[in-house]
Trainee: 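Just dropping this structure here.
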Amino acid sequence: MNMNQDGDAFPILCQTCLGPNPYVRMTKEKFGKECEVCTRPFTVFRFQPGKGARVKKTMVCQTCAKLKNVCQVCIFDLQYGLPVAVRDQAIGNTEKLPEDPVNRSYYVQNQERALQNLDPGQSFVTGSLDMTQGYVQ
(Lines give C-alpha, C1' and ligand atoms only; values in the text may rest on other atoms or scores of the structure.)
Protein backbone atom coordinates (compact mmCIF):
# COMPACT_ATOMS: atom_id res chain seq x y z
CA MET A 1 0.00 0.00 0.00
CA ASN A 2 1.51 3.30 -1.10
CA MET A 3 0.24 5.84 1.42
CA ASN A 4 2.48 8.70 0.19
CA GLN A 5 0.79 8.76 -3.20
CA ASP A 6 -2.45 10.15 -1.74
CA GLY A 7 -0.85 13.13 0.00
CA ASP A 8 1.00 14.56 -2.98
CA ALA A 9 -1.99 15.19 -5.25
CA PHE A 10 -4.58 17.92 -5.58
CA PRO A 11 -8.03 16.88 -4.26
CA ILE A 12 -10.75 15.67 -6.61
CA LEU A 13 -13.38 18.44 -6.52
CA CYS A 14 -16.53 19.38 -8.40
CA GLN A 15 -16.96 22.87 -9.82
CA THR A 16 -19.56 23.75 -7.16
CA CYS A 17 -17.22 22.98 -4.26
CA LEU A 18 -14.27 24.72 -5.89
CA GLY A 19 -16.23 27.97 -6.18
CA PRO A 20 -15.89 30.95 -8.54
CA ASN A 21 -12.44 32.11 -7.38
CA PRO A 22 -9.61 30.63 -9.50
CA TYR A 23 -7.10 31.47 -6.74
CA VAL A 24 -7.98 29.23 -3.81
CA ARG A 25 -5.61 28.86 -0.88
CA MET A 26 -5.55 25.33 0.53
CA THR A 27 -4.03 23.79 3.58
CA LYS A 28 -2.90 20.20 3.51
CA GLU A 29 -2.70 17.89 6.52
CA LYS A 30 -1.11 14.52 5.79
CA PHE A 31 -3.04 11.62 7.30
CA GLY A 32 -5.31 14.12 9.06
CA LYS A 33 -8.49 12.07 9.09
CA GLU A 34 -9.95 8.63 8.54
CA CYS A 35 -11.79 8.08 5.25
CA GLU A 36 -15.53 7.75 5.80
CA VAL A 37 -15.75 4.91 3.27
CA CYS A 38 -12.68 2.71 3.68
CA THR A 39 -11.53 3.89 7.16
CA ARG A 40 -7.91 4.42 6.02
CA PRO A 41 -6.03 7.62 6.95
CA PHE A 42 -5.76 10.16 4.13
CA THR A 43 -4.54 13.69 3.45
CA VAL A 44 -7.13 16.31 4.37
CA PHE A 45 -7.37 19.50 2.30
CA ARG A 46 -9.11 22.56 3.81
CA PHE A 47 -10.03 25.61 1.76
CA GLN A 48 -12.46 28.52 1.53
CA PRO A 49 -13.94 28.61 -1.99
CA GLY A 50 -15.00 32.26 -1.93
CA LYS A 51 -15.22 35.35 0.22
CA GLY A 52 -17.68 34.74 3.03
CA ALA A 53 -18.06 31.04 2.21
CA ARG A 54 -17.63 28.38 4.85
CA VAL A 55 -14.39 26.43 5.08
CA LYS A 56 -14.68 23.12 3.24
CA LYS A 57 -12.61 19.99 3.77
CA THR A 58 -12.21 16.65 2.06
CA MET A 59 -14.21 13.79 3.58
CA VAL A 60 -13.06 10.72 1.62
CA CYS A 61 -9.68 9.56 0.32
CA GLN A 62 -8.64 9.91 -3.31
CA THR A 63 -8.87 6.17 -3.94
CA CYS A 64 -12.53 6.02 -2.88
CA ALA A 65 -13.28 9.23 -4.82
CA LYS A 66 -11.73 7.75 -7.98
CA LEU A 67 -13.50 4.41 -7.53
CA LYS A 68 -16.90 6.07 -7.20
CA ASN A 69 -16.14 9.09 -9.46
CA VAL A 70 -17.25 11.54 -6.76
CA CYS A 71 -16.15 14.88 -5.32
CA GLN A 72 -14.07 14.46 -2.15
CA VAL A 73 -15.97 17.26 -0.36
CA CYS A 74 -19.68 16.92 -1.18
CA ILE A 75 -19.51 13.26 -2.28
CA PHE A 76 -21.70 13.97 -5.33
CA ASP A 77 -21.08 12.38 -8.72
CA LEU A 78 -18.61 14.42 -10.80
CA GLN A 79 -20.33 13.77 -14.13
CA TYR A 80 -24.02 14.18 -13.26
CA GLY A 81 -23.95 16.13 -9.96
CA LEU A 82 -26.17 13.56 -8.24
CA PRO A 83 -25.82 11.98 -4.81
CA VAL A 84 -23.96 8.68 -5.07
CA ALA A 85 -26.89 6.57 -3.82
CA VAL A 86 -29.23 8.04 -6.47
CA ARG A 87 -26.67 7.56 -9.24
CA ASP A 88 -25.89 3.98 -8.20
CA GLN A 89 -29.57 3.10 -8.08
CA ALA A 90 -30.19 4.64 -11.51
CA ILE A 91 -27.36 2.76 -13.22
CA GLY A 92 -27.90 -0.44 -11.24
CA ASN A 93 -24.55 -0.43 -9.43
CA THR A 94 -24.92 -2.52 -6.26
CA GLU A 95 -21.24 -3.08 -5.39
CA LYS A 96 -20.61 -2.76 -1.63
CA LEU A 97 -17.41 -2.66 0.39
CA PRO A 98 -16.70 -5.68 2.62
CA GLU A 99 -17.72 -5.22 6.27
CA ASP A 100 -14.61 -6.80 7.86
CA PRO A 101 -11.73 -4.27 8.21
CA VAL A 102 -9.12 -6.72 6.90
CA ASN A 103 -11.23 -7.64 3.86
CA ARG A 104 -12.03 -3.97 3.26
CA SER A 105 -8.33 -3.08 3.29
CA TYR A 106 -7.54 -5.94 0.89
CA TYR A 107 -10.40 -4.89 -1.43
CA VAL A 108 -9.28 -1.25 -1.50
CA GLN A 109 -5.66 -2.27 -2.21
CA ASN A 110 -6.79 -4.37 -5.18
CA GLN A 111 -9.00 -1.55 -6.49
CA GLU A 112 -6.13 0.92 -6.08
CA ARG A 113 -3.92 -1.37 -8.17
CA ALA A 114 -6.66 -1.59 -10.82
CA LEU A 115 -6.94 2.23 -10.88
CA GLN A 116 -3.23 2.56 -11.63
CA ASN A 117 -3.73 0.43 -14.76
CA LEU A 118 -6.56 2.63 -16.13
CA ASP A 119 -6.03 5.32 -18.73
CA PRO A 120 -6.10 8.88 -17.26
CA GLY A 121 -9.45 9.83 -18.84
CA GLN A 122 -11.14 6.50 -18.20
CA SER A 123 -13.70 6.15 -15.38
CA PHE A 124 -14.00 3.20 -13.04
CA VAL A 125 -17.79 3.57 -12.75
CA THR A 126 -19.74 1.59 -15.34
CA GLY A 127 -23.25 2.31 -16.50
CA SER A 128 -24.98 5.23 -18.08
CA LEU A 129 -27.74 7.67 -17.23
CA ASP A 130 -28.21 8.81 -20.81
CA MET A 131 -31.81 8.95 -21.99
CA THR A 132 -32.66 6.42 -24.67
CA GLN A 133 -35.93 8.12 -25.61
CA GLY A 134 -37.09 11.71 -25.42
CA TYR A 135 -39.49 12.93 -22.76
CA VAL A 136 -43.01 13.16 -24.22
CA GLN A 137 -46.14 14.26 -22.38
Side-chain angles (χ1 to χ4, degrees):
M1 177 164 58
N2 187 1
M3 306 259 307
N4 291 334
Q5 179 185 1
D6 186 41
D8 297 333
F10 189 78
I12 300 170
L13 301 172
C14 63
Q15 195 62 38
T16 306
C17 289
L18 196 53
N21 187 0
Y23 306 105
V24 177
R25 183 173 35 186
M26 288 195 183
T27 60
K28 178 166 86 170
E29 181 182 359
K30 288 192 179 241
F31 311 119
K33 195 174 174 190
E34 186 177 86
C35 177
E36 293 187 4
V37 178
C38 68
T39 66
R40 295 187 318 165
F42 74 101
T43 301
V44 176
F45 291 91
R46 286 184 178 82
F47 61 97
Q48 193 170 8
K51 190 173 183 173
R54 68 176 179 84
V55 175
K56 295 185 177 190
K57 63 181 177 179
T58 54
M59 305 298 284
V60 296
C61 67
Q62 281 212 339
T63 303
C64 292
K66 287 178 185 176
L67 285 175
K68 290 286 193 176
N69 193 32
V70 296
C71 172
Q72 282 185 273
V73 175
C74 65
I75 312 175
F76 276 24
D77 183 71
L78 289 172
Q79 188 174 1
Y80 301 108
L82 296 171
V84 179
V86 173
R87 187 227 28 217
D88 286 347
Q89 186 178 17
I91 64 175
N93 189 1
T94 59
E95 188 173 336
K96 300 279 185 198
L97 279 176
E99 295 293 324
D100 185 47
V102 175
N103 288 342
R104 184 181 306 139
S105 176
Y106 178 74
Y107 174 80
V108 171
Q109 281 179 346
N110 287 340
Q111 297 301 324
E112 204 169 52
R113 218 172 285 123
L115 278 172
Q116 290 174 352
N117 296 334
L118 284 178
D119 293 332
Q122 194 175 6
S123 175
F124 206 75
V125 179
T126 58
S128 176
L129 292 176
D130 296 335
M131 293 181 64
T132 55
Q133 297 178 346
Y135 178 74
V136 179
Q137 281 187 318

Trainee: Grab the two heavy atoms, one from R25 and one from F47, that are nearest each other, plus how far apart they are.
Mentor: O-CB, 3.6 Å

Trainee: Using atom types as modelled and distance alone, determine if a side-chain donor or acceptor of Q79 lies under 3.5 Å from a backbone N or O of N69.
Mentor: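 Between the backbone of N69 and the side chain of Q79 there is no qualifying donor-acceptor contact (under 3.5 Å).
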
Trainee: When you measure from the side chain of T58 to the backbone of V73, do you find a donor-acceptor pair of N or O atoms at a distance under 3.5 Å?
Mentor: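 No, the answer is negative, given that no donor and acceptor are paired below the 3.5 Å cut-off.
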
Trainee: What residues form a salt bridge (Lys or Arg N to Asp or Glu O under 4.0 Å) with E36, not counting sequence neighbours?
Mentor: K33

Trainee: Members other than L78 in its cluster, when Ile, Leu, Val, Met, Phe, Trp, Tyr link by side-chain heavy atoms under 4.5 Å?
Mentor: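 Noted: L78 shares its cluster with I12.
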
Trainee: Test V44 against K28 for side chain to side chain contact (heavy atoms under 4.5 Å, CB included), laying out the working first.
Mentor: CA-CA 6 Å; V44 176; K28 178 166 86 170; over 6 Å; no

Trainee: Any pair with a residue in residues 44-57 that passes side-chain hydrogen bond (donor to acceptor under 3.5 Å, both in side chains), sequence neighbours left out, goes on the list, sorted by first then second residue, please.
Mentor: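 Pairs touching residues 44-57 that pass the test: E29-R46.
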
Trainee: Once salt bridge (charged side-chain N to carboxylate O under 4.0 Å, His left out) is applied, what residue pairs with a partner in residues 11-23 remain, sequence neighbours excluded?
Mentor: none

Trainee: Working to the nearest 0.5 Å, report the span between CE of M59 and SG of C64.
Mentor: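 Interatomic distance, M59 CE to C64 SG, rounded to 0.5 Å: 13.0 Å.
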
Trainee: For a 4.5 angstrom cut-off between non-hydrogen side-chain atoms, does V84 reach D77?
Mentor: no

Trainee: Report yes if the side chains of F42 and K30 come closer than 4.5 Å at any heavy-atom pair, otherwise no.
Mentor: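 Not in contact.
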
Trainee: In this structure, would V102 and V108 fall into the same cluster of hydrophobic residues linked by side-chain contacts under 4.5 Å?
Mentor: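 No.
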
Trainee: Do P11 and Q72 touch side chain to side chain, with heavy atoms closer than 4.5 Å?
Mentor: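 Heavy-atom side-chain distance check passes, below 4.5 Å.
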
Trainee: Please determine whether a side-chain nitrogen of the Lys or Arg among K68 and D88 lies less than 4.0 Å from a carboxylate oxygen of the Asp or Glu.
Mentor: yes

Trainee: Could you pull out all donor-acceptor pairs under 3.5 Å where a side-chain atom in residues 13-22 meets a protein atom, sequence neighbours excluded?
Mentor:
unit_1: N21; atom_1: OD1; unit_2: Y23; atom_2: N; d: 2.9
unit_1: N21; atom_1: ND2; unit_2: Y23; atom_2: O; d: 3.1

Trainee: Please step through side chain to side chain contact (heavy atoms under 4.5 Å, CB included) for the pair R87 and F76, ending with a clear verdict.
Mentor: CA-CA 9 Å; R87 187 227 28 217; F76 276 24; over 6 Å; no

